> 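Can you read through this structure? Questions will come right after.
It should be emphasised that the depicted structure is a prediction, and the values quoted were computed from it without experimental measurement. Read the numbers this way: they start at 1 and go in the same order the structure lists the ligands and their atoms.
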Amino acid sequence: MTSEWTFPASFAQERVWTANQLDPGSPVYNVSAPWRFPAGVTAAQAVEVLAQVVARHESLRTHLRMVDGALVQVVRAAEPLELPELDLTGLPAEEQERRYAETLTELARTPIPLDAPPLWRARLVRFGDGRLRLQFVVHHAVFDSHSAVLFDAEMAAFARAALTGAPADVPELPIQYADFAVWQRDQLTGDELARQLAFWRDHLAGAPAVTGLPLDRPRPTQLGFAGDEVRFALPDGLLDRVGQLAAGTSATPYMVLLATFAALLSRLSGDPEVVVGVSTAGRDTAELTPLIGMFVNPVALRCDLTGDPSGAELLGRVRTGLLDAMEHGQTPFQRIVEAVAPHRDPSVQPVFQTALNFIPDSGLDPVPLGTTKDDLAFDITGGTSRLVYRTDLFDRATAEQIVARYLRLLAAAVADPATRLSALPLLDDAERAVLLTWTGTGGEVAPTTLVAEMERQAAVTPAAVALVSDGVELSYAELAVRANRLARLLVDRGAGPETRVALLLPRSVDLVVAILAVLKTGAAYLPVDTDYPANRIDYLLTDAEPALVLATPQTAALAPTGALVLGPTTAADLRDADLTDDDRRAPLRPEHPAYVLYTSGSTGRPKGVLVEHRAVTAYLAWARDTYPGLAGTALLHSPVSFDLTVTGLFGPLTAGGTVRLAGIDTPAARAGGPPTFLKVTPSHLPLLDDALSPTTDLVIGGEALTGEQLAGWRAAHPEVAVINEYGPTEATVGCVAARIAPGQPVPAGPVPIGQPTWTTRVHLLDAALTPVPPGVVGELYVAGSQLARGYLRRPALTAERFLPCPYGPAGERMYRTGDLARWRADGTLEYLGRRDNQVKVRGMRIELGEIESVLRARPDVDEAAVVVRTDTGEPTLVGYLVGPADDAGLVGRGGDGGWVREVGGGVGEVCGVSSVVVGGGRGI
Ligand code: AMP
Ligand code: MG
């Protein structure tokens, strides 16, 4: 009967035990420490060498067991050892190595149950040259990385002794591991433990729970442990330079490696703060140094990377953070977890998901276990370093890329510690070159005007049907005549280049004629939706300072005095004659604005986007080429106050096609057969029956699109091209698009937005305006000919959103969209949402801040917050208000003074605020 002694388990053993319970049968905590015996050592001596090491260290004779709900370590007395043998002597040399590696991997991947002694596995391997090797795999519960160094040294000492007969040169062991565990239990209790936990609670308060790294696959809802590793060596001399930098700044090389890792994580995730796992050796006193056992304790290093610090400054922050963390490095990690993350998210490791270890003098070459605890973990050594990664999150190629990026950052940071983080290179030259081809180098389109384009088309197809509306059909020639007549009148009333003409007209033939007429004068048209509340209309007409307002007798009441009301009285003034540059107040040029469209403004005032002829014509040149359906019949159903109407209106009129004007829910929309071209928002998709469904091109835009939204329609219409078109009004209708060709299946999940249009260049940039690598979330910036001139009479706002572009020719501007996206590996863009509070409700662009500031301006409202609720099916805007009283019937008082739910569905109307139109709006 073997003698046994029981002791309390250490905190580290407890942690490993608990982790093991979560993933039983996993070899994740196996440590391999294979060893080569010197020549001349016999098999019997080899066994004895290991037996002596095992006899010295109780930890190698320890296993764990639950006794009355408490974990204990059970130490057994030393016994004679027997080792299984593997004889490779008969095999060719190369085959011997292969078999050796194979069997070692097998051994390393075989789980070692914690509750049965011993917690290691060993095998003696005979090679053809007479040499012996030991395959040794040991559970982390009794062995850490410093133990590996000790193991190596003691094996060598006993082997030398066996060969020479001299006593082995090994230090006396004053205490054993169990003594440490008992001492630790005594120390870390009561006030001391509470004090340490208080530190960690405070230190980690508000820290990001998950580092938002770009993953190759969505994170599974249950934590996975499957892992692999990328091995690499630090380039020659790099570690020396790391050491020199550290020495010069009273930091350690580990701190330099950590700071660089934090920088990498921050650059990849876009997070200004990251939490990294670091290991404390846990051997604070001299007696612990010679003990084999499990001492390391992971703690969290919280890194603040805000303010784009230089490498040197970041190193200082990491140094302070790490020293702080180390000072509290004895706090059992499990207790930290319980204290800061009591509600466990089953999909992620708590507190940190990435780690970096530095084992400078490790001779160890651990066997890949095929499993890992962390999303990403670097083990950096002077020899073989490795990045271990979760295979359910990352592809191997991505892990290799992460290693390359890390080394690139490290080399650059060490070369010049004054470099700011944002300026450290993540990309190499080849990657940058590829990215440039993705950002779009589009051929230019010769600048022209909409007027010239439409006149060119009318000359080619004068008799073709240009417009169908309300039972009226107009040929290109007839449309031109009407437009010219009205244009002459408008010129007489002051319309001309750099002026604006507001159109208070319902959707009708007259509206189209008026648009063409305004364009012919050289003025920009400002469409005003006649359904808007009166004070919104007033706002537009005041803000835009139109030279002229056009109305019909029906809408005249909405118009200011002096408006030109189209009707019998104006008919007499009309003259049939083409309008040329000689008739205009000034020659029309591509740089003159063609239209002004108002979009929601976050400060409470909608702003007018001024779009020039050259931008529209550049877009249309691309659109005509991409959407052949524009040469057929386009069903135009959207209000002209939204720029997606541009495609279905000017597209056909510059391609010889027909515009059919009809509301999407009217019989007229379905009369005359299905259109060839239709443009909708995703929310329209359910309405598209056979009569409405286009036969050539279905363009979907304005909001994020998923494969699931599209699947049903696509199944019924496989022969039609479907295009996801992305674009803010400021970059003219659509500037990035993805085409799903006829017959091509619809992807599951988000449909990418694709690639830039011909003249567009897009840049995906981080906060410091540095291009982000593929896979990394960046903000989308748009440059090129499709950019609007800016916001009408709002130079400050224009300067804020239209910035000088550092990545184009001198003088180039880029528009900051506020949209987040990432490059997929194939060079297409994926849309990921907004970085601000702009939302889309049924295709309508709304700045929540606009509604909030209008609500706040009311005397009975102190605070307001507006959100979009999607849980009710149809997205609705809901305002939450706080105010002093509920006398206006507006504000209910919350018992605790918190937000009070007020209204849904029509915040604007309920509050009597009509500069904001929400709910009931015909959004598109
Ligand atoms: P608007 O100026 O009304 O066209 O709105 C532009 C905004 O709508 C963009 O900045 C995006 O946030 C969103 N958007 C437009 N098209 C798409 C699309 N295809 N996918 C995702 N979001 C889109
Ligand atoms: Mg748009």
> At a non-hydrogen distance cut-off of under 4.0 Å, which region of Leu705 contacts ligand 1 (side chain, backbone, both, or neither)?
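For Leu705, there is no contact with ligand 1 at all, from either part.
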> Looking only at distances, can you tell me whether any N or O atom of Thr817, backbone or side chain, sits closer than 3.5 Å to an N or O atom of ligand 1?
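No, no N or O pair falls under 3.5 Å.
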> Using a 4.5 Å cut-off on heavy atoms from C-beta on, say whether the side chain of Tyr726 contacts that of Thr757.
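Thr757 does not reach Tyr726 side chain to side chain.
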> If the cut-off is 4.0 Å to any non-hydrogen atom of Ile753, which atoms of ligand 1 fall inside it?
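With Ile753 as reference, the close atoms of ligand 1 come out as 20 (N).
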> Please work out whether any backbone atom (N, CA, C, O) or any side-chain heavy atom from C-beta onward of Lys840 is under 4.0 Å from ligand 1, and answer side chain, backbone, both or neither.
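For Lys840, only side-chain atoms sit under 4.0 Å from ligand 1.
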> Which bit of Tyr831 is near ligand 1, meaning a heavy atom under 4.0 Å away: side chain, backbone, both or neither?
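Contact part for Tyr831 vs ligand 1: side chain (C-beta onward).
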> Pairing donors with acceptors under 3.5 angstrom, does anything connect the side chains of Glu444 and Ser785?
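Per modelled atom types, Glu444 and Ser785 side chains form a pair under 3.5 Å.
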> Indicate the ring-plane relationship of Trp713 and His717, choosing parallel, tilted or perpendicular according to the 30° and 60° boundaries.
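The arrangement is parallel - the two ring planes meet at less than 30°.
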> Would you call the rings of Phe650 and Tyr525 parallel, tilted or perpendicular, taking 30° and 60° as the class edges?
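Phe650 vs Tyr525 ring planes: tilted.
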> Need the ligand 1 atom indices (1-based, order shown) with element for anything under 4.0 Å from a heavy-atom of Arg834.
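Those qualifying, in numeric order: 10 (O), 12 (O).
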> Indicate whether the side chain of Glu812 and that of Tyr807 have a donor and an acceptor atom separated by less than 3.5 Å.
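No pair is found: no donor N or O on one side chain lies under 3.5 Å from an acceptor on the other.
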> Below 4.0 angstrom from a heavy atom of Thr729, which ligand 1 atoms are there? Numbered from 1 as shown, please.
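Result: 1 (P), 2 (O), 3 (O), 4 (O).
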> Pull out every atom of ligand 1 sitting under 4.0 Å from any heavy atom of Arg845, numbered as shown with elements.
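The list of qualifying atoms is 1 (P), 2 (O), 3 (O), 5 (O).
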> Give the ring-plane orientation class for Phe677 versus Tyr627, where under 30° counts as parallel, over 60° as perpendicular and anything between as tilted.
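The rings of Phe677 and Tyr627 sit tilted, inter-plane angle from 30° to 60°.
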